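Quick notes on the structure that follows.
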Amino acid sequence: MKAEDAHALIRATVKKIPRGRVATYGQIAREAGFPKQPRLTGYALHHTPPGARLPWHRVINAQGKISFPPGSEAYETQKRLLEEEGVLFLRGRVDLARYQWRRASEAPVLD
DNA sequence: TGCTTGACCGACG
DNA sequence: ACGTCGGCCAAGC
């Protein structure tokens, strides 16, 4: 498996995150078939050129936080995009129990 | 070639 | 709620 293929699988999985929901780096890696390699998700996104039709902003870390330095341009952009979709931030964090993307087979989300 | 760096994670203190 | 540590491994130098 080439690195490019892995990145493609990661990006394909990111595309599946519905509007208004979020997923963690580790979650995306697992869904794409790379358990224990959350960094692969970060790497694939890092290499995604701006302008790509990809909901990269819906990917946050396992603590519910944005993985950019608070106050940075990237941080503010990601936060704004999420808020535009109705994802609320409380004390700089997203409530994963509420907004994390889950498959239909898993436990339903409380609204 | 070999070493360092990360848009990370989970466990543990 | 922090900080540290080991695991992970593609890229970059």
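Residue numbers begin at 1 in each chain, while the letters A, B, ... track the order of the sequences. Being a predicted model, the structure only gives us computed values, none of them experimental.
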Would you call A:E85-A:R58 a salt bridge at under 4.0 Å N-O? yes
Looking at C:dA1, C:dA10, B:dC8, which one has an atom nearest to any side-chain atom of A:R39? B:dC8
Judged by each residue's nearest nucleotide on DNA chain C, which is more toward the 5′ side, A:K65 or A:K36? A:K65
For A:E76, is there an ion pair with A:R80 - N to carboxylate O distance below 4.0 angstrom? no
Name the nucleic acid region contacted by A:H57, choosing base, sugar-phosphate or nothing; use a 4.0 angstrom heavy-atom cut-off, strictly under. nothing
Atom pair distance, as rounded to whole Å: CD in A:Q63 and C1' in B:dA7: 13 Å
Measure from the side-chain heavy atoms of A:L40 and tell me the nearest of C:dG7, C:dA10, C:dA1. C:dA10
Using 30° and 60° as the class boundaries, would you call the ring planes of A:F68 and A:W56 parallel, tilted or perpendicular? perpendicular
Please state how far atom NZ in A:K79 lies from atom C1' in B:dA7, giving the value in whole angstrom units. 18 Å
Between P on B:dA7 and NE2 on A:H7, what's the gap in Å once rounded to a whole number? 13 Å
When the nearest nucleotide of DNA chain B is assigned to A:G42 and to A:R30 on a heavy-atom basis, which residue is associated with the more 5' position? A:G42
Expressed in angstrom and rounded to an integer, what is the separation of A:I10 atom CD1 from C:dA10 atom P? 12 Å
B:dC8 C1' sits how many Å from A:H46 NE2, rounded? 14 Å
Does A:T24 reach a base, just sugar-phosphate, or nothing at all? Heavy atoms under 4.0 Å. sugar-phosphate
Test A:L40 against A:I28 for side chain to side chain contact (heavy atoms under 4.5 Å, CB included), laying out the working first. CA-CA 9 Å; A:L40 198 50; A:I28 293 300; over 6 Å; no
Please pick, from B:dC8, B:dA7, C:dA1, the nucleotide with the shortest atom-to-atom distance to any side-chain atom of A:Q78. B:dA7
So does A:K36 have more than 12 non-hydrogen atoms from other groups sitting under 6.0 Å from NZ? no
Which nucleotide in C:dA10, B:dC8, B:dC9 has an atom nearest any side-chain atom of A:S67: B:dC8
Pick the nucleotide of DNA chain C nearest each of A:P35 and A:H47; which residue has the one closer to the 5' end? A:P35
Nearest-Å distance for atom pair CG/P, residues A:L82 and B:dA7: 18 Å
Output the rounded distance in Å from CD (A:Q37) to C1' (B:dC8). 11 Å
Taking CD from A:E73 and P from B:dA7, how many angstroms apart are they, rounded to a whole number? 16 Å
